[in-house]
Amino acid sequence: SSSSSSSSSSSSAQQLPSEVTVVNLYSMAEEYLLDRLKAMCEVQLRKMLTPRNAPIILYHTDLLNAEALKDHCFGIIIENYGETLYGEQVKSLPKPLILELLQRFAESRNPNLKKRRSRDGDESSGSKGCTKRHRAPYRKVRFDVAADPV
């Protein structure tokens, strides 16, 4: 009897989908234009989102152009920055996503930065993905001290 109860509890644990499964399902729903399935996947991913898996889900949501879920991932990472910002998962994100994360983190600490970015027209106007959105603004900033005249 005790073995049947432990097998039923392990089978119920196996019924829960992993983040990878839900992300893959979301990707297929996007490909086949199944908006209701996409919405269901997004709800499930929001439920599964933790500070530990937020960087991984952020990476996939950026690839899938799931902007609302991407914003939510950024929020979780920033709210829990002590346990997320210095982790290996964040360090392994593509540079444009790290830059966007740092920018959002700075904006969360100083709301005037966001107002200035909006006023300068840096906000994305329909383009999806962080790479396109951040390519131009970061060209304006010069980090090469040796190239500056003394």
Side-chain angles (χ1 to χ4, degrees), residues 3-141 143:
S3 65
S4 65
S5 66
S6 65
S7 65
S8 66
S9 65
S10 66
S11 66
S12 66
Q14 291 174 353
Q15 292 174 355
L16 296 175
S18 71
E19 294 92 345
V20 174
T21 302
V22 179
V23 165
N24 288 334
L25 190 56
Y26 184 100
S27 178
M28 287 186 283
E30 170 88 7
E31 183 178 343
Y32 294 106
L33 305 174
L34 302 170
D35 291 336
R36 182 158 186 228
L37 181 56
K38 273 177 42 180
M40 291 168 59
C41 290
E42 188 168 328
V43 167
Q44 185 61 34
L45 284 170
R46 282 177 183 265
K47 288 179 183 176
M48 301 170 104
L49 200 57
T50 66
R52 186 174 179 182
N53 67 15
I56 296 166
I57 294 176
L58 171 65
Y59 171 76
H60 291 290
T61 57
D62 183 57
L63 293 176
L64 296 168
N65 296 321
E67 294 299 315
L69 189 54
K70 180 179 166 184
D71 290 341
H72 191 65
C73 289
F74 275 126
I76 294 291
I77 294 169
I78 290 168
E79 285 172 17
N80 300 281
Y81 69 91
E83 61 184 291
T84 57
L85 278 185
Y86 303 105
E88 290 303 315
Q89 292 175 339
V90 169
K91 291 177 185 176
S92 66
L93 289 172
K95 281 185 181 180
L97 264 181
I98 292 174
L99 291 173
E100 186 173 357
L101 175 60
L102 291 174
Q103 185 169 6
R104 288 180 183 229
F105 181 75
E107 290 170 358
S108 74
R109 300 298 183 252
N110 183 355
N112 292 329
L113 291 175
K114 189 171 189 173
K115 290 176 188 172
R116 186 175 356 164
R117 187 169 60 118
S118 297
R119 193 174 54 239
D120 292 343
D122 184 29
E123 292 287 53
S124 168
S125 57
S127 68
K128 302 281 184 175
C130 65
T131 306
K132 294 177 186 174
R133 183 176 11 219
H134 288 293
R135 191 169 287 147
Y138 289 105
R139 286 186 192 149
K140 295 177 192 173
V141 179
F143 292 102

Hey, are S27 and N24 close enough side-chain-wise for a donor-acceptor pair under 3.5 Å?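 Side chains of N24 and S27: no pair found under 3.5 Å.
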Considering non-hydrogen atoms only, spot the tightest contact between [X] and [Y] and give its length.
X   : Y   : value
I77 : A54 : CG1-CB, 3.6 Å
L49 : C73 : CD1-SG, 3.9 Å
K91 : I98 : O-CD1, 3.9 Å
V90 : P55 : CG2-CG, 3.6 Å
S18 : M48 : C-CE, 3.5 Å

Gap separating the [atom1] atom of [X] from the [atom2] atom of [Y], nearest 0.5 angstrom:
X   : Y   : atom1 : atom2 : result
C41 : E30 : SG    : CD    : 11.0 Å
S92 : Y59 : OG    : OH    : 9.5 Å
L58 : Q89 : CG    : CD    : 11.0 Å
L37 : E42 : CG    : CD    : 12.0 Å
L64 : Y26 : CG    : OH    : 6.5 Å
T61 : I57 : OG1   : CD1   : 8.0 Å

For the pair F74 and E100, evaluate side-chain contact (heavy atoms from CB on, under 4.5 Å) and give the outcome as yes or no after the intermediate values. CA-CA 9 Å; F74 275 126; E100 186 173 357; 3.6 Å; yes
Can E107 and R104 be counted as an ion pair, charged N to O under 4.0 angstrom?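 Looking at E107 and R104, the cut-off is not met.
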Check ion pair E19-R52 (N to O, under 4.0 angstrom):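 Salt bridge: no.
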Over 12 foreign heavy atoms within 6.0 Å of CZ, R46: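 More than 12 within 6.0 Å, yes.
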In terms of heavy-atom contacts, does CZ of R109 have more than 12 from other residues, nucleotides or ligands at under 6.0 Å?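 Yes, CZ of R109 has more than 12 neighbouring heavy atoms, counting only those of other groups under 6.0 Å.
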Counting N and O atoms only, with roles assigned by atom type, does the side chain of N80 sit under 3.5 Å from a partner on the main chain of I76, one being a donor and the other an acceptor?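 Indeed, once roles are kept as given, a pair shorter than 3.5 Å links the two residues.
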Examine distances only and state if a side-chain atom of T21 and a backbone atom of P17 form a donor-acceptor pair shorter than 3.5 Å.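 No, because the side chain of T21 does not come within donor-acceptor range (under 3.5 Å) of the backbone of P17.
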Check the pair Y81 / L101 against side-chain contact (heavy atoms from CB on, under 4.5 Å), numbers first and verdict last. CA-CA 11 Å; Y81 69 91; L101 175 60; over 6 Å; no
Check against side-chain contact (heavy atoms from CB on, under 4.5 Å), L97 and K70: CA-CA 10 Å; L97 264 181; K70 180 179 166 184; 4.1 Å; yes
